[in-house]
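Okay, so here's the structure we're looking at.
Counting starts at 1 for both ligands and their atoms, in listed order.
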Amino acid sequence: WEDPSAMVTALVADEADAWDRAGLLPVPLLRELGAAGWLCAQVPVVSGGRGLSSAAAGEFTAHVGSLCSSLRSVMTSQGMAAWTIERFGTAEQRAAFLPRLTGGGLAAAGFSERAAGSDLSAMTTRVRRDGDSVVLDGHKVWVTAAHYADLLVLFGRYDGSGDRGEDAGAVGGGEAVAVVVPADTPGVRVTRVADPLGCRAAGHADVALDAVRVPAGHVLGGSSLPLPLLVTTALAYGRMSVAWGCVGILRGCLTAATRHAATREQFGVPLGEHQLVARHLAELYVAEQTATRVCEHASRCWDDGSPEQVVATVLAKHVSAGNAARGAATAVQVLASAAARDGHVVARAHRDAKLMEIIEGSNEMCQLMLARHLLGRTV
Ligand code: FAD
């Protein structure tokens with residue numbers, strides 16, 4: 001396929017509703033997209049990726065988001081795992097892990113725990129050094145795509161007391177580590193989250209870790225880092241991807257609502273001729289255009305390496321998620337009973353978009369970050 005958007009349109013066809021109802025994406029499709037590098041399209045060519053700019057990957061993400069938010073969620077997780085490996089991994093680790101993620105392997109990234117949602121400093125997953133290995137104990141929750149993943153990028157507190165000899169400095173200092181854990185490692189137990197509100201086929205799962213032993217070489221960068229640096233960097237990719245995914249949700253809603261308002265008649269005229277319905281359409285258009293512009297700006301910051309990147313990304317995520325949640329609700333209003341069925345594209349968007357206001361930094365956490373920026377503090 002020359003055009004990845006046309007490829008995904010053909011692969012998804014009209015299946016998104018069925019996948020949503022079944023709560024499952026077809027794994028061969030995920031592997032096909034992954035093996036062609038499209039699940040994490042920003043990975044550099046040298047690491048087997050597509051090397052797309054943030055702007056180009058963003059437009060692609062929006063297209064996938066307009067078709068199926070579950071598939072887009074899997075892309076976000078794969079991209080976030082790949083970005084964490086790229087950003088923190090050594091050259092050897094990049095060479096070992098990234099080609100797997102651009103070669104059909106599937107990945108997920110786990111931060112959240114029962115007592116550590118918005119407040120990731122409450123994370124208690126422990127990573128203990130034991131000779132040439134590290135041992136993980138803990139419990140991650142709501143890890144998107146974990147049900148499908150071959151590799152899990154997991155974040156935890158580092159306990160380096162088992163370091164010895166020349167290895168002592170290899171994983172030491174700082175606070176936290178990101179570890180690449182093959183999902184079939186003994187002690188890993190992946191349990192699906194039952195009946196999620198939206199993105200039902202995204203493979204959300206809890207991940208229990210009971211004395212999970214992996215080589216110390218799976219600790220990214222071989223050393224621990226301040227937890228805020230580690231999670232903020234990884235989440236930044238997720239925020240950008242979710243923001244573009246929300247642009248896609250808005251585009252799907254805009255198309256459905258406009259078509260419906262142009263064709264269904266009540267009181268002898270198309271719905272769109274009624275001024276209050278026309279206002280809904282205008283608001284939806286404003287929501288989509290505004291989200292697109294903030295995402296384009298943030299992606300430009302990524303592509304230019306601008307110091308504004310962090311704030312622009314939080315802004316893009318906050319604006320796009322809020323616009324998508326409100327825009328999807330507006331679209332349901334325009335379609336009324338025509339969308340009041342489980343599985344309708346707009347009903348699905350309504351459920352999916354609400355979750356986007358919770359993840360990768362909730363609305364409230366984004367607002368706090370933006371205020372901190374204004375007050376001259378670290379975001
Ligand atoms: P809480 O932190 O308990 O927050 C509850 C409410 O209180 C929210 O509205 C929040 O904004 C508000 N709140 C909390 N603290 C403050 C404050 N200081 N000031 C103002 N308001 C506050 N986690 C992963 O690690 N990996 C994933 O791939 C992943 N995917 C997810 C996918 C979905 C669909 C969902 C629903 C969750 C996912 N999560 C994932 C978990 C997600 O990151 C958390 O749900 C999120 O961080 C919020 O945490 P919480 O649900 O515990 O809510």
Side-chain angles (χ1 to χ4, degrees), residues 20 23 25 39-40 65 68-84 106-125 136 138-149 151-157 176 178-179 181 183 190-209 227-228 230-242 245-246 249 314 317-318 321-322 324-325 348-372 377 379:
D20 190 62
L25 294 167
L39 290 183
C40 47
C68 177
S69 280
S70 289
L71 179 56
R72 195 277 309 148
S73 297
V74 168
M75 278 175 61
T76 298
S77 295
Q78 182 98 357
M80 196 158 42
W83 170 245
T84 306
L106 302 172
F111 315 85
S112 306
E113 300 174 6
R114 286 197 187 102
S118 301
D119 179 12
L120 287 175
S121 71
M123 205 184 270
T124 58
T125 291
L136 292 88
H139 196 118
K140 298 293 177 186
V141 297
W142 275 100
V143 182
T144 301
H147 174 68
Y148 304 114
L151 291 180
L152 300 161
V153 175
L154 300 174
F155 296 76
R157 302 235 160 243
V179 188
V181 177
V190 177
T191 311
R192 292 281 312 254
V193 172
D195 306 322
L197 170 68
C199 299
R200 289 172 175 169
H204 308 112
D206 293 354
V207 179
L209 305 159
L227 181 70
L230 205 53
V231 297
T232 303
T233 304
L235 284 174
Y237 182 96
R239 287 181 181 136
M240 205 59 251
S241 179
V242 164
C246 288
I249 290 176
V314 173
K317 194 275 167 182
H318 184 52
R348 203 155 28 86
H350 187 38
R351 291 187 283 101
D352 296 343
K354 183 61 213 168
L355 295 181
M356 299 305 109
E357 293 196 299
I358 295 171
I359 63 168
E360 316 290 359
S362 63
N363 282 358
E364 291 78 9
M365 298 316 291
C366 287
Q367 285 171 321
L368 289 175
M369 285 185 267
L370 294 172
R372 272 208 296 272
R377 290 159 47 199
V379 173

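The part of A109 lying near ligand 1 is the backbone, judged by heavy-atom distances below 4.0 Å. Of all the heavy atoms of D119, none lies under 4.0 Å from any atom of ligand 1, so neither backbone nor side chain is involved.
Residues T76 and I359 form no side-chain contact, since every pair of their non-hydrogen atoms from C-beta on lies 4.5 Å or further apart. The closest side-chain heavy-atom distance from T125 to F155 is not below 4.5 Å. The shortest side-chain heavy-atom distance between T233 and T84 does not fall under the 4.5 Å cut-off. Annotation: side chain of M80 is in contact with side chain of F111 (closest heavy-atom distance under 4.5 Å).
A donor-acceptor distance shorter than 3.5 angstrom exists from the side chain of K317 to the backbone of G361, with no hydrogens or angles considered.
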Could you check V143 against V190 for side chain to side chain contact (heavy atoms under 4.5 Å, CB included), going step by step and ending with a plain yes or no?
-> CA-CA 9 Å; V143 182; V190 177; over 6 Å; no
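Residue, atom and distance of the protein heavy atom nearest to atom 4 (O) of ligand 1 are S118 OG, 3.7 Å. The protein non-hydrogen atom at the shortest distance from atom 11 (O) of ligand 1 is S362 OG, 2.5 Å. The closest protein non-hydrogen atom to atom 21 (N) of ligand 1 is E364 CB, 3.5 Å. With hydrogens left out, the protein atom closest to atom 32 (C) of ligand 1 is T144 OG1, 3.2 Å, a heavy atom. Closest protein heavy atom to atom 39 (N) of ligand 1: W142 O, 3.4 Å.
In this structure, of M365, Q367, M123, K140, the residue bringing a heavy atom nearest to atom 22 (C) of ligand 1 is M365. When T76, I359, V141, N363 are ranked by how near their heavy atoms come to atom 35 (C) of ligand 1, first place goes to I359. For atom 50 (P) of ligand 1, the nearest non-hydrogen atom from the set S112, G117, S70, A108 belongs to G117.
With respect to R351 and D20, a salt bridge is recorded, a charged nitrogen being found less than 4.0 Å from a carboxylate O.
Within 6.0 Å of CZ in R372 there are more than 12 heavy atoms belonging to other residues, nucleotides or ligands.
Considering backbone and side-chain N/O of H204, none are found under 3.5 Å from N/O of ligand 1.
Ligand 1 is never approached by P196 to a heavy-atom distance shorter than 4.0 Å. The shortest heavy-atom distance from G110 to ligand 1 is under 4.0 Å.
Put simply, NE2 on H350 and CG on L197 are 8.5 Å apart, with the number rounded to the nearest 0.5 Å.
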